[in-house]
Amino acid sequence: MRLARLPIAACLLAAAALPVAAQTLYPLNRAEILAGSRFDLKVEFPGPAEAAQVRLTLNGQDHARVFGKAATLLADEDGKGASSLILRDVSLDKAGRYTVEVSDGTHTRQAVWNVYGTPARPVAKNVILFVGDGFSLGHRTAARLLTRGVEDGKIKGRLAMDDMPAMALLTTQGTDSIITDSANAASAYTTGHKSCVNALGVYCSRATGSLDHPKVETLTEAAKRQGLAVGAVTNSEVEDATPAAMVAHTRRRSDYNDIVKMFHDSRIDVLMGGGSPNFLPRSTPGSRRTDDVDYIDAFKRSGYAFATTRTEMNAAADDTRTTRLLGLYNTGNVDGALDLKFLKKGTVARFPDQPDVVESMKAAIKVLSRNKKGFVLLVESARIDKYSHSMDAERALYDTIMLDNAVRAAKDWSRANGNDTLILVTADHSHGVSLVGTVNDEAPGEEMRNKIGVYEDAGFPNYPAPNAEGYPERVDVSRRLRFVFGNTPDYYETYRPYLDGENVPALKNADGVMVANEKYKDIPGAVLRPGNLPNRGARAANQGVHTAEDVILTATGPGSDKVRGQMENSDLYRVIAEALALGRSSGSRK
Ligand SMILES: [Zn+2]
């Protein structure tokens, strides 16, 4: 019977692989487009098209009349044997529903776009968007327990991000997959358009070059048009996906050298994080550039103060003449809170004076708030994701506490400065993380597995009371949170925090198979866990992967009433655009 079913499956596969009869049109059907925002329009025909036969209309009007210029027909795009119609850098100023129809004389395709205007005046002066990369419900709950504790069954004191009036669930899937990466997830927040894995500020078309895909406007471009200052603060490399989404237009998030140029050309006012090698000319030792451009020098010549340490950052931010600031504090990622403040592992010995995300954010706000019209700031706690990939629970949770500390500082700043800042806190995607109880070293027996307390046996962990910053000063306590990862490579489960440095769960062996890292084999109580992710081929996993669950968005401040219920991640852009009146019908700003 199994054999008899095969041909059916094969037919279905063949049908799915056939080219779709109609054209592909970008922006995609059901796109939400900010009135006045710039975008590229592209039509991909399934085969060669005759210029004389091609027709492109919006609400029945020829596109050249609507946009004031005509699209170009690429007869044989990138030698792929098919034609494309491309019209770059156009906008629709009038809000409304647009039915776009395209025909090559044989096939006709329709898409509907919703072009939305924004109120005439902004309701918020500033917007601070917090992204906990990979920040999931499990992280939130565990961080709350670590930093607040429980008394009489209730949490003692709230997280700053919990103490917000508005909340929504955001979906995270993209145009190519139910699973997103940080690039298309962040791009949804900073453009309002859905895209595909690895893409920033573009739709994923069939173009060959990563910079040739149809662009959509970024939040930085829209905010700059209104005279607002813009900043991005992270503890990843600044070229990494989330901060890059503020300015970048590329199909490939790894285009770091191009992304540095895009940051510079965008005139973003504050940019802070790690990742200096892509700013240095190729002749400089340690450079990762392929050209001889010295981007640190270019930023300086464009009027930026430059900082490589926390001390230099604070001095630059305190100087009232500083209105532009580039801070690069590490060659790679800035160390996370557990290493930076307690364990001193990671790269802390090499970079002993790195700011944490809270300090960087405060310096950024000082600089950006010198723009009297207001500012937009992205603040990313990036390593929640990276430490969740590496299945390093304590490091991920300390960086979740750091995220909340930054949110608290932003709320305090807003309260003291006019209360006209919209504060949004969310994640770009989730991880398969879960808090299942505690692990108690003093429980009877030998096997660590049987020291896991579930239900009433979990009780409460015995971390020391948190310090003034909300961090317990030790993670290697005898009864600790049992925080588990649902998708894994083969690895050794140690049931303990990684005091000697970030966990490296799996490595590729000589046969190219991903296997558990033997480094942890002899830790007392360690056991080998077979993974549930691919261990061979291009997608062999050496760590955990992103998951498809919704993420939580909480918000406070003017405009936060638009955050409610269940939303698409791309809807967050409209919340920001409306709060700041970024759309065409916004009229003049005061
Ligand atoms: Zn990730």
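If you read the sequence from its start, that first residue is 1, and numbering goes on from there. In each ligand, atom 1 is the first atom listed, and ligand 1 is the first ligand listed.
- Taking 2.8 Å as the threshold, H431 does not count as a candidate ligand of the Zn ion (ligand 1), since none of its N, O or S atoms lies below it.
- Just one residue in the list Y495, Y492, Y498 forms a ring-ring contact (aromatic ring centres under 6.0 Å, His included) with Y520, and that residue is Y498.
- Distance check for D385 against the Zn ion (ligand 1): an N/O/S atom falls below 2.8 Å.
- Taking the Zn ion (ligand 1) as reference, the nearest N/O/S atom within H389 carries the name NE2.
- Residues D255 and R252 are paired through a salt bridge, judged by an N-O separation under 4.0 Å between the basic side chain and the carboxylate.
- Between L170 and the choices D550, I552, T426, the side-chain contact (heavy atoms from CB on, under 4.5 Å) rule is met once, by T426.
- Atom CZ of R206 is surrounded by more than 12 heavy atoms from other residues, nucleotides or ligands within 6.0 Å.
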